[in-house]
Amino acid sequence: MLPLRAWGLLMLTFLLCDAESTCTTDSNPLTLDPPEIVGAYGETVTVNCSTDELYHDGMYWRDGIRINDEETSVLLHLTLSDWNVKQECRIIVNDSFECGKDLEITIYKTPDIVSVSAEHQGSMVEGTEFPLNCDIINVAPVQKLQVKWYRGNETVHTETFNDTSATPVDVTSSFVVTPERGYNGTLFRCEAELHLGPNGPELIPTVSSSPYTAVVNYKPLIRACPERYTGVEDHFSMSMLDCDADGNPSPTLQWYYQGNLIDAFEILNRTHSGMYTARFVNSIGTSETSVDITIEHAPLFTCNDHYEVQEDDEPQTVCEPMGMPKPTITWFKDGKRIETLQRWTKHDSGQYLLRAINKHGTAVHSLHLDVLYAPVFKQKNNTMTITPGENVTFDCHAVGNPPPVIRWNYTSAENVMETTWGRQRNITVQGATSTNAAVYICVATNKVGSVTRSVKLIMQGEHASAQINPKIWWFIIALIAVLFISTIIFIICMYHKCQNKHGRYNFVPIPGSDIPLITKS
Ligand SMILES: *[C@@H]1O[C@H](CO)[C@@H](O)[C@H](O)[C@H]1NC(C)=O
Ligand SMILES: *[C@@H]1O[C@H](CO)[C@@H](O)[C@H](O)[C@H]1NC(C)=O
Ligand SMILES: *[C@@H]1O[C@H](CO)[C@@H](O)[C@H](O)[C@H]1NC(C)=O
Ligand SMILES: *[C@@H]1O[C@H](CO)[C@@H](O)[C@H](O)[C@H]1NC(C)=O
Ligand SMILES: *[C@@H]1O[C@H](CO)[C@@H](O)[C@H](O)[C@H]1NC(C)=O
Ligand SMILES: *[C@@H]1O[C@H](CO)[C@@H](O)[C@H](O)[C@H]1NC(C)=O
Ligand SMILES: *[C@@H]1O[C@H](CO)[C@@H](O)[C@H](O)[C@H]1NC(C)=O
Ligand SMILES: *[C@@H]1O[C@H](CO)[C@@H](O)[C@H](O)[C@H]1NC(C)=O
Ligand SMILES: *[C@@H]1O[C@H](CO)[C@@H](O)[C@H](O)[C@H]1NC(C)=O
Ligand SMILES: *[C@@H]1O[C@H](CO)[C@@H](O)[C@H](O)[C@H]1NC(C)=O
């Protein structure tokens with residue numbers, strides 16, 4: 001059996017345990033006002049520790065004076081000069097039981113220096129990573145520090161730190177810039193902000209670095225350059241062209257024509273039209289563009305004084321004047337303006353005056369035009385009927401430019417002659433015979449062409465026998481005559497022989513009986 005005293009001790013122990021538990025939970029009898037201290041280093045703060053416990057054996061702040069049981073609050077005046085300071089308010093509830101409450105203290109210090117610097121010397125280069133550092137010197141507490149990076153007024157990066165140290169430290173925040181050409185002249189800066197929570201100062205303590213001015217080097221970018229340009233002869237040089245590129249360092253402009261570097265100040269003339277290349281160069285790179293240059297000038301004739309064209313040719317083939325823009329040409333013949341030039345005709349040969357006009361001036365030129373054309377016969381093909389022994393003349397006459405050469409093509413004979421009379425060429429047949437009945441072809445030729453024409457001679461009453469040579473004809477007649485005479489002589493001889501046998505015969509010719517000499521054909 002336990003004595004009563006022992007039971008009491010056991011009960012007390014139980015109660016003590018109970019009391020301990022009430023102290024560490026919500027039902028802690030102590031209230032701190034303010035419950036948490038956030039203060040700048042060196043600042044002095046006051047904290048009121050009070051209790052709603054009516055009976056207690058004293059209250060005190062750690063290292064502070066103890067108050068008696070009649071008072072329900074105790075004040076703490078604390079100067080925040082110890083980075084690692086800890087404070088606790090305690091209450092002695094019963095003789096053998098104490099209860100305490102920690103004061104949360106945050107001591108902060110804004111940095112002495114915030115500065116941005118480049119990790120490497122020199123300028124940024126477009127597209128090449130460029131690290132920047134922000135050095136924050138002497139700041140506490142670092143875990144509440146937020147470093148913000150700004151490009152211009154825009155936040156580009158934020159960094160926080162996990163270090164748990166309460167004492168001031170130096171930290172560095174890094175930011176890698178990938179420069180764009182637009183960043184040239186932009187200000188980069190960093191800001192150190194202490195985010196101390198709702199119990200901290202109303203304004204977040206912030207220190208900003210002085211700005212770092214970015215100088216970005218970048219290759220030339222052509223800003224303005226016309227694709228084509230029209231200049232006037234003797235008044236234009238490439239240096240007058242408004243062609244510009246943006247680049248850092250400032251690019252130099254070089255002009256190339258037909259692959260060769262040219263002097264941009266050279267005054268251009270008509271021979272210089274064409275494609276030009278503008279090349280902008282700086283230490284980072286090169287940019288090129290092409291410009292189509294047209295140099296305008298007044299009309300100029302470089303034509304001949306004499307032109308040969310062919311009938312039906314287009315007029316445009318004659319004498320094209322130079323000029324830019326293309327001049328309008330007017331033709332004059334015998335002082336009269338020719339309204340519309342169609343195809344050339346054989347009557348268009350002659351002296352002309354040409355006038356060419358464009359907005360830069362006028363030029364005139366006189367020329368002689370010779371319209372060439374193929375020979376044309378004066379007569380058609382024809383057929384002529386002739387009688388034997390007749391004299392016949394037929395001619396061939398053709399016109400053309402240049403004048404054609406006339407030639408007859410036929411089977412020559414003794415009685416056929418050619419005579420030339422001016423541009424006319426006659427054929428004369430004297431004492432026509434059937435041999436002369438043939439086709440006579442006249443050929444007229446000049447450098448434009450060659451034409452032919454035929455004349456057919458037909459012998460009147462022509463039949464098969466007429467084809468026989470007259471000499472043979474006479475031979476046959478003679479042969480028949482000889483045969484006939486021979487027959488007569490033979491008959492006479494036979495008659496005489498009979499008379500000699502049977503008596504005397506008198507040979508008396510029968511008057512009026514003419515024996516014909518020609519047989520019927
Ligand atoms: C401390 O707090 C108690 C209870 O809220 C209050 O009665 C007392 O006046 C306070 N003391 C000071 C100095 O404010
Ligand atoms: C303190 O002791 C008294 C009796 O001595 C008791 O009534 C009281 O509850 C105790 N208080 C606490 C908080 O334990
Ligand atoms: C930054 O500044 C420019 C003018 O300097 C302004 O137009 C722009 O709205 C600002 N942007 C921000 C986010 O403040
Ligand atoms: C800091 O802490 C966060 C989370 O607590 C973690 O994700 C991050 O990696 C830590 N950073 C460093 C540098 O330790
Ligand atoms: C680049 O920025 C610097 C500094 O602001 C300035 O002097 C320079 O003219 C700028 N260059 C160009 C090409 O904009
Ligand atoms: C054009 O200029 C070049 C020199 O650049 C010169 O040799 C040429 O004769 C000129 N031509 C004309 C038509 O003026
Ligand atoms: C044919 O011409 C010749 C020579 O000129 C002439 O002697 C002859 O009488 C002419 N014949 C006829 C039938 O006219
Ligand atoms: C050629 O013939 C034509 C007619 O056929 C005639 O008028 C002309 O006189 C002749 N010329 C010559 C040289 O015989
Ligand atoms: C003349 O005409 C004949 C037949 O038509 C032809 O074969 C011959 O080549 C021609 N001769 C010339 C020189 O034209
Ligand atoms: C005239 O004769 C020539 C030569 O025989 C021939 O080529 C041509 O076609 C003829 N012309 C006509 C209209 O019959």
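Only this structure's heavy atoms are used, side chains among them; waters, hydrogens and symmetry mates stay out. None of the values given here were measured: they were computed from a predicted structure. Counting convention: from 1, in listed order, for ligands and their atoms alike.
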- prompt: With a cut-off of 4.0 Å, which atoms of ligand 5 are near a heavy atom of G247?
  reply: 13 (C)
message: Under 4.0 Å from atom 7 (O) of ligand 5, can you find at least one protein heavy atom?
response: no
Geometric cation-pi criterion, R189 with Y212: 6.0 Å, 45°: no
Just need the protein heavy atom nearest to [atom], so name the residue and atom and give the distance.
| atom | value |
| --- | --- |
| atom 4 (C) of ligand 7 | Q430 NE2, 3.5 Å |
| atom 5 (O) of ligand 5 | G185 CA, 3.4 Å |
| atom 13 (C) of ligand 7 | G389 O, 4.1 Å |

Any Lys/Arg nitrogen of [X] or [Y] sitting under 4.0 Å from an Asp/Glu carboxylate oxygen of the other?
| X | Y | answer |
| --- | --- | --- |
| E191 | K148 | no |
| E311 | R343 | no |
| R151 | E180 | no |
| K219 | E126 | no |
| D244 | R223 | yes |
| E418 | R407 | no |

query: Measuring from the heavy atoms of P249, does anything fall under 4.0 Å of ligand 5?
result: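 It does not; every heavy atom stays at 4.0 Å or beyond.
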- prompt: Would you say the side-chain atoms of N133 and T172 include a donor-acceptor pair closer than 3.5 Å?
  reply: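 No, no side-chain donor-acceptor contact under 3.5 Å.
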message: Looking at non-hydrogen atoms alone, which of T186, N184, N248 comes nearest to atom 12 (C) of ligand 5?
response: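 Closest candidate by heavy-atom distance is N184.
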query: Out of N409, T452, V455, who gets a non-hydrogen atom closest to atom 3 (C) of ligand 10?
result: T452
- request: Run the numbers for me: atoms of ligand 10, each under 4.0 Å from some heavy atom of N381, listed by number.
  value: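 This gives 1 (C), 2 (O), 3 (C), 8 (C), 10 (C), 11 (N), 12 (C), 14 (O) as the contact atoms.
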query: Just distances here: any N/O of N391 and N/O of ligand 7 closer than 3.5 Å?
result: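 Yes; at least one N/O pair falls below 3.5 Å.
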task: Heavy-atom distances under 4.0 Å are what count here, so tell me which part of Y218 touches ligand 5: side chain, backbone, both or neither.
output: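 Within the 4.0 Å criterion, Y218 contacts ligand 5 through side-chain atoms alone.
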